Amino acid sequence: MTGRSSKVAVARGAAVALVLLLAAACGQKSNVGPDAAAPASAGQGGAGGAAAAGQAGSGGGGPDAVGAGSRPDAAPSGAPGGAAPVGGSASSPGSGGSTSPASGPGSAASGGGSTGSAAGAAGSAAGSGAPTGRSPESAGAPSGSAAGAGAGHGPGATAPMPAPPASGAGDRTGVTDTKIRIGIHAPITGAAPFPQSAFDKGKDVYWKYLAEKGGIFGRNVEIVFRDDQFNPSRAVQVCREMVEQEHVFILMGAAGSEQITACARYADTMGVPYLSAGVNEDGLTGLSSYYATSQTYVQQTPVLVSYIVNKLHKTKIAIVLNNTPALNETQQSVTKLAEAAGLDVVRNSRIGKNATDSELLSEANALRMSGAEVVYLLTSPVNFVKLATNAQAQAYSPVYLGPGITNGLNIVAEAGCPAIGQAKFLSPFPQLDVIDKLDPDYQKSYEKYNGQKGDDIGLAEWGLSKVIGAMLQAAGKDLSRQSFVAALQSGRQFNTNVYPVVSYSGSIRFGAKSSHLLEADCNSRTFKTIAEFTTGF
Amino acid sequence: MSVLEVQRCSIRFGGVQAARDVSLKAGEWEIVGVIGPNGAGKTTTFDIISGFYRPDEGRVWFKGRDVTGLGVHERTALGMGRTFQNVGLVKGSTVRENLLTAQHLEAGYCALAGMLGLPSTFAAERRLRARAEALAGILGLTELLDTRVAGLPYGVLKRVELGAVLATDPDLLLLDEPTSGMGPEEAHAFGAMLLELRFEFDLTVVMIEHHVPLVAQVCDYVYCLNFGELLAEGRPEEVRANPEVIRAYLGQEAEEVLQEGAS
Amino acid sequence: MNGNGDRPGPAGWAARGAVLAAVAALVLAVPAFRGNVEVHVFTQAAIYAVIGLSLNVLLGYTGQISLGHQAFVGIGAFTAAYMVSRQGQPFVAGIVMAMVVGGLQALVLGAVSLRVTGLYFALVTLAYGTMAEESLFNIQSLTGGSAGQPAPKPAWFSTDLRYYYLCLAFLAAVIWIDWRLMRTKGGRALLAVRENPKVAATNGVDVKVYTLMAFVVAGVFAGLGGALLAHNDTFVVRDLFDFQLALVFVIMTVVGGLRNRTGVVLGSAFFSLVGYFFDKLFKGGLAVPGLKVLPKEYVPIVIGPVLLLYTLTRHPGGVGEQIRPLQRWLRGGRFTFRDTSESEVRVSDVRA
Amino acid sequence: MSAHLLAQAVVIGVITGAGYGLVALGLVLVHKSSGVFNFAQGEFGTVAVYTLYRLHDRIGVPLLPAMVVGLAASMAMALATERLVVRRLFDAPRVTLLVATAGVALLAISLELWLGEARLRFIQPALGRLDRLSLFGVQVSDQRILILGVLAVLAVLLGLFFSRTNRGLAILAVSQEPVATELMGISVRRLSSFIWGLAGLLAGIAGMLAAGDARSFGPGFMTFNTLIPGFTAAVLGGMNSLPGALVGGVVVGVAQSLAVSSSAFKAIPGPGSVMVFVLLVAVLTVRPQGLLGKA
C-alpha cells in the first residue's frame with residue numbers, strides 16, 4: 001500500500017520528467033527559452049482542462065443544485081477503504097432523485113426510516129459510517145428508481161413495463177396486479193460461466209409451477225436475466241439496466257462473490273432489495289438492502305473444520321483461496337478455527353481469478369510438496385478443476401473440500417473427474433439424488449416444462465426461486481418494497497426444504513443456519529448428497 | 001575565415017573505406033563543387049558534413065566552430081542546409097506544408113504552446129505562411145502551393161526541395177546533385193538562379209554535381225574525389241585539365257568529359 | 001485542405017449551417033431525453049473517441065503501432081480510481097494524475113521504441129499490454145485485484161447526463177489540442193519524422209525528442225480516456241483491459257481512418273455504440289438460422305475484424321476518406337469526389 | 001529456492017517451452033518466407049482443437065481421423081489467410097500485414113466465443129499414463145513425453161526438408177532473394193501458400209498437444225497462452241533460425257516457470273508474463289540478432 005507521501009514524490013518526479021521532455025521539444029532556435037516556457041505552458045494545460053470542465057458544468061447542468069451541493073462532503077467522508085463505494089456510488093441515486101418529478105415524498109421518508117435504522121443496527125465498520133452517509137440516499141432511492149422510469153419514457157425508450165408512480169403505500173416498482181418483475185444476474189460467459197442452455201431452461205420452472213397454483217396473490221413472477229460475464233464492473237452495469245431500464249422489483253445474484261458484492265452495493269444505494277446465496281460478509285455487512293439466502297463462507301467454516309476433524313481424521317490442511325480482498329476474512333477464520341481444532345495448516349495461498357496454467361501447475365506442485373492431506377478450496381470451478389488436474393498429473397490427490405455454490409455442480413464433476421477424487425463441498429441446495437425425497441415437485445415440474453429430467457443448475461434456481469416465492473407470499477397482498485422488507489425483517493422463518501431455513505431481522509442479514517454437504521462420485525461423474533441441512537459434525 | 005572546413009575526415013563501414021583523409025574548405029559566398037565518379041564517396045562526405053555519419057578520424061568545422069560531435073538537427077540550427085540525391089521532402093504533404101515544415105526552427109514558439117493553441121502561436125503561424133508564400137514566389141511555385149508533393153515532376157521537386165532548404169534559413173547550402181534529371185538548358189537556368197540566390201540569401205554553397213558545364217558555370221573551386229580519397233582540387237578548368245581526373249573518369253564518363261573539353 | 005474555387009452563396013451556407021446544427025443537436029440534445037443507462041453508453045462513445053485520438057497520435061502521426069493500448073488506458077483508469085477511492089483525492093486530482101502517469105508510462109515505452117522499431121516494437125507493445133493485464137492490474141493494493149476499484153462520479157457531475165457533457169467537454173479539449181498540434185510545428189515535425197527521419201532532421205527536427213513527445217501526448221490522452229472510463233462505470237476491473245480490447249482500439253482507429261480526426265472520432269464512437277444499436281435492432285441478440293444467438297457483447301469483436309480487413313484491403317483511408325467530400329463541402333468547397341484517393345497506405349511504415 | 005524446486009521448475013519449463021518452440025517454428029517459417037509477423041499463428045491451433053473436439057467428443061468420430069480433419073482445418077484457415085489477406089496486402093508495409101493477421105486472430109476468437117460458447121472445455125488425456133516417469137519429483141505424463149518427441153521429430157524433418165529437398169532450398173532462396181528466385185522460374189506465390197499451409201499444420205499440432213496437456217481449452221487459448229512466448233522464443237532465435245526458435249522456446253519456458261515458482265517473485269502477480277516481457281525487451285535491445293545469431 002503506497003503512502004500519500006510517496007504518491008506525492010511520484011507526482012513530483014512525473015512533472016519534472018514531462019517538463020524536461022517538453023522543454024527539450026521547445027529548445028533549439030525558438031526565442032521562447034525552454035526553462036521559462038515549458039512549466040508555464042504546462043500550467044496552462046492544467047488550467048485549460050479545468051476551465052473546459054467548468055464550462056461543461058454550467059453548460060450541461062441539469063436542474064437540482066441542492067443534491068449536487070450536498071455531494072462534496074459526501075465524497076471525502078467516503079474515502080477511507082471499505083466505506084468508499086458507499087459514499088461514492090451514493091451519488092448516483094441522489095442524482096436520480098434530482099431528475100425526477102418530486103414523487104411520493106411519503107414513501108421516500110418511510111423507506112429512509114426503515115433502511116436507515118437497519119444500517120444503524122448493523123454495527124460493523126461500514127455500518128457505523130453508514131447511517132449518516134446513507135440515509136439521505138436511501139431516502140432518495142425509491143423516487144430514484146421511479147425517476148429512472150420517467151427518464152426511460154423518452155423517445156424510443158424500451159421499457160416494456162412502466163413503473164407506476166410511487167404512491168403513499170410504498171415503492172411498487174416492478175409490481176402490477178398481475179406481475180412481479182425480478183432481476184437476476186449470473187455469469188454465462190467469462191472466466192467461470194454456467195452453461196447457458198441449462199441456466200435458461202431452469203430459471204422459470206418454479207415460477208411457472210407457482211403460476212399454475214394461482215401465483216402470489218394472483219401475481220405471476222417474470223424473470224429478467226442478465227449475463228454479468230463473471231466481471232464485477234459488468235455486474236454493476238447489468239444491475240443498473242435491470243433497475244433503471246427494466247424496473248425490476250428486487251434483484252437476485254446467482255453466483256460469483258465479487259459480482260454479488262459489487263451489485264449488492266449498487267442495489268443498496270438504490271434501495272432495491274438484493275438477495276443472493278451466502279458469499280463473503282466483508283463488503284456486504286451493513287448494506288441496508290442485502291439478504292443472504294444461505295450460509296456465508298465464514299458461517300460454513302466451522303462445519304467444514306468439524307468434518308475434517310471428526311469424519312476425515314486428517315491433520316495436515318492447506319488453504320487455497322481466490323485472490324480477492326473480500327475473502328481475507330474467510331482465510332483468517334479458516335486458519336484460526338483449523339489451528340484451534342489442532343489441525344496443522346501446512347500451506348496458506350491465494351491464486352488469481354485468471355491464473356495461468358503454469359501458475360496453477362506450480363501451485364499444484366507446491367501443494368504436493370507441502371504434504372497437505374486436505375485442501376480447503378475456495379476458487380472458481382475452472383481454477384479448481386485445473387488445479388486438481390495438475391495435482392493429479394503430479395500423482396497427488398488430496399481430499400478437496402470447501403464452501404461452494406458452483407463447485408458442487410455436476411459440470412464440475414464431469415470436467416474434473418477423476419482428478420477431483422472425492423471432493424466435498426457445502427452447498428445451499430442438495431443434489432439430485434435426494435431432491436425427490438425433499439421436494440418431489442422439482443423433477444415433476446422440470447419435466448413438465450422442459451420435457452427432460454432436471455439438472456442441478458435448475459435445482460439451484462428452483463431452490464432460490466422457492467425462497468423468494470415464500471418471501472413474496474409473506475409480504476402479503478399489498479406488495480411494495482417496504483412491505484417486502486418488513487416481511488423479511490419480521491424474524492419469520494422461511495422454510496423451503498430445498499434451501500436451508502432462513503430468518504432475518506433488521507440487523508441479521510446472513511440468516512441461514514445450515515447447509516448440505518455434497519461429495520463427488522467419479523463413477524457416475526456427479527455429486528451426491530452425504531449430509532442434508534447439516535450444522536456440523 | 002572559411003565557413004566550412006573539413007579536416008582529414010575518414011570513415012569506414014565494415015571492410016569498406018568510404019572516405020580517407022578527405023579535407024575541403026568553403027569560404028563565404030563561395031560556390032564549391034564536389035565531383036567524382038560514382039562511388040567516389042561524395043555523398044558519404046556530405047553525410048559526414050551534415051552529421052548523419054560521425055567520422056572515425058578528422059573534424060568538421062562550421063563557422064569557426066567544431067561541429068563534429070553535433071547531431072543533424074543541431075547543425076541545421078547553426079545554419080547548415082542540405083538537399084538529397086533522391087529529393088528530401090515529406091511526400092505525403094503539400095508544397096506549402098513542406099515549406100512550413102522546413103521552418104521548424106523559425107517558428108519562434110514551443111511545440112507545447114502550439115499544441116495548446118496559445119494566441120501567440122496563431123500569429124507566428126501567419127508569419128510562417130507568409131514567408132512560405134514569399135519563398136514559393138521566388139522559386140515560381142505559387143501555383144503549386146496546395147498540390148501534394150508526391151505527384152510532381154522531378155525537376156519541380158528539386159526546386160521545391162531547394163525552397164525547403166532555403167526556408168531553414170541556412171548560411172551553408174549542401175546540394176546533392178541538384179540538377180540530376182534536368183536537361184542542359186534547365187540545368188543552365190538553375191545555375192543562373194543559384195548565382196542570384198547566393199547573394200540574395202548570402203549563401204555559401206557546396207554542391208555535388210555531374211553536369212560539368214554547370215560546374216564550370218558556377219563553381220569558384222572544385223574538389224574531385226575518387227575511391228573515397230581526394231584526387232585533385234583547384235579552379236574548375238584546372239581540375240578538368242588534370243590528367244588524373246580524366247583517368248578517373250575514363251570508362252563511365254570519359255567521353256562526356258572529353259567532348260566538354262572540345263566545346 | 002481548404003476548399004478552393006468559388007465560395008457558396010448564402011443559401012449554400014444556410015444548408016451547411018443546417019447540417020452542422022443537426023449534428024450538434026444529435027450530440028448535445030438527444031441524450032437529454034434518454035434514460036441513464038443509455039446516456040452511460042453515449043458517454044462511453046465520447047470516451048472511446050478520446051482513446052481513438054490517442055492511438056491516432058501513435059499510429060497515424062508517428063507511425064508507431066501500439067498493440068498494448070489497453071494498458072495505456074487501464075493505467076489511467078486505475079490511477080484515477082486509486083487517487084479518488086484510496087487516497088481520498090478530488091476528481092480533478094485523479095484526472096490530472098491519470099494523465100501524468102499515463103504520459104510517463106508512454107514515455108518509457110517511447111524510449112524503447114527508439115531502439116526497437118517496426119514489427120519488433122509491435123511485439124513489445126503486445127507483450128506490454130499482456131503484462132499490464134496479468135500483472136500490474138492485479139496488484140491488489142493499487143487496483144483492488146479481481147474485485148476491482150470503485151471510482152465514483154465527481155460531485156458536480158453525479159448524474160449520467162451531466163457526466164456525459166463533462167466527457168464531451170474533455171473530448172472537445174482533446175480535439176482542439178490534436179487540431180492545433182497538427183496545425184503547428186509539432187505536428188509537421190511528427191509527420192516528417194514518420195515519413196523520413198533523415199529529412200526531418202535536416203529540417204532541424206530532433207527526431208528522438210519528437211518521437212518521445214508523440215508517445216507522451218498519446219499517453220496523456222489515453223490516461224485521460226482511462227480516467228473518464230473509470231468514473232463512467234463508477235468501478236474499474238482488470239477484466240475490462242484484455243487483448244481483445246487492445247485490438248478493438250486499433251481497429252476502431254484504422255477503420256476510422258488514420259490521420260483523419262473526424263474519421264477517428266466516428267470510428268471510435270461507432271465501435272463503442274455498435275453493441276447498443278445492435279441491441280436496439282435485435283432485442284436479446286441476433287438469431288442467425290442454424291447458428292447460436294449472437295449476444296451484443298460480442299458484436300464489436302465479430303464485425304470489427306471484418307471491417308478492419310475490408311478497410312485494409314479495399315479502403316486504406318478508412319471512414320475518414322469516405323467523408324472527405326462532405327467535410328470539404330462543409331468547409332465551403334464543392335461536393336466532389338476529386339482527390340479523395342490518397343494512394344499512400346495508412347498504417348504506419350516500418351522504420352528501417 | 002532449493003535446488004530440488006529449481007530442478008522441478010526447469011523440467012516444467014522445458015516441457016512448456018517445447019510447446020512454445022512449436023509455435024515459434026511456425027512464426028519463423030512464415031517470417032523467413034514472407035517477412036510477415038503472423039499474429040494468427042496461435043488461433044490456427046485453436047481452430048484445430050475446436051474441430052477435433054466437435055468431431056471426437058461430440059459426434060464421436062474416432063480420434064485419429066478427427067485429428068487429421070482438425071489439422072486440415074487449421075491448414076485451411078492458414079491458406080485462407082494467405083490467399084485472402086496476406087496476398088492482397090503483398091506490397092503493403094509489414095506492420096499493415098501484422099495488424100491484418102491480428103484481425104484474423106480476433107475474428108477467429110470472436111467466432112469461437114460466439115459458436116463455441118465462452119466457457120472452458122475440459123477433455124480427458126488422449127493417451128497413456130500421467131506418471132510415466134518422474135524427473136526430480138516432477139511426474140512426466142505420456143502426453144508430455146509425446147510433446148517432446150513430436151518436437152524432436154518435427155525439428156529433424158524440417159531440418160532435412162530445408163537442407164535436402166529442392167523446395168526447401170527454394171524457400172530459403174526466396175527468403176534471401178525474392179526477385180532472383182522469381183527469375184529462376186520458381187513461383188514465389190506457390191511457395192508462400194505452401195509455407196502458410198505448413199505453418200498452419202505446425203500450429204494445429206501445437207494446439208492439440210497443448211490442449212491435451214492442459215486438458216482444457218477455450219476461445220483463443222493458444223493466442224493468450226502461447227503467442228507472446230512463441231514470438232519471444234522466435235526473437236531469441238533471431239526470428240529466422242529454426243533451431244534458434246526451438247532453443248528459444250525452451251529458454252522462455254524455463255525462464256517463465258522459474259519466475260512463477262521462485263519465491264522471489266511471489267510479491268508480483270502474474271510473474272510469468274512479466275518475465276516474458278522483460279526477456280523480450282532485453283533481447284531486442286541488447287542482442288537484436290538473437291542468441292544464436294552472429295553480430
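Quantities reported herein were computed from a predicted structural model and do not represent experimental measurements. Below, chains carry the letters A, B, ... as their sequence lines are ordered, and counting in each starts from 1.
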Q: What option among Ala326(A), Pro232(A), Gly283(A) has the most heavy-atom pairs under 4.5 Å with chain C?
A: Pro232(A)
Q: Which heavy-atom pair separates Asp233(C) from Ser233(A) by the least distance, and what is that distance?
A: OD2-OG, 4.0 Å
Q: If you measure from CD on Gln44(C) to CD on Gln237(A), what distance do you get to the nearest 0.5 Å?
A: 8.5 Å
Q: Which heavy atom of Ala147(C) sits nearest to which heavy atom of Pro325(A), and what is that distance?
A: CB-CD, 4.0 Å
Q: Under a 4.0 Å threshold between the charged nitrogen and the carboxylate oxygen, would Arg240(A) count as salt-bridged to Asp160(C)?
A: yes
Q: Would you mind checking which part of Asn138(C) comes under 4.5 Å of any heavy atom in chain A, side chain (CB onward), backbone (N, CA, C, O), both or neither?
A: neither
Q: What closest approach, in Å, do Ala262(A) and Phe235(C) show between heavy atoms, and which atom pair accounts for it?
A: CB-CZ, 4.1 Å
Q: Let me know if Gln149(C) has heavy atoms under 4.5 Å from chain A in its side chain, its backbone, both or neither.
A: neither
Q: For the pair Gln140(C) (side chain) and Asn323(A) (backbone), establish whether a donor and an acceptor sit closer than 3.5 Å, ignoring hydrogens and angles.
A: yes
Q: Tell me, for Thr356(A) versus chain C, whether the close heavy atoms (under 4.5 Å) come from the side chain, the backbone, both or neither.
A: side chain
Q: Drop me the distance from Leu240(C)'s CG to Arg234(A)'s CZ, to the nearest 0.5 angstrom.
A: 10.5 Å
Q: Search all heavy atoms of Val37(C) against all heavy atoms of Glu241(A) and return the closest pair with its distance.
A: CG1-CG, 3.4 Å
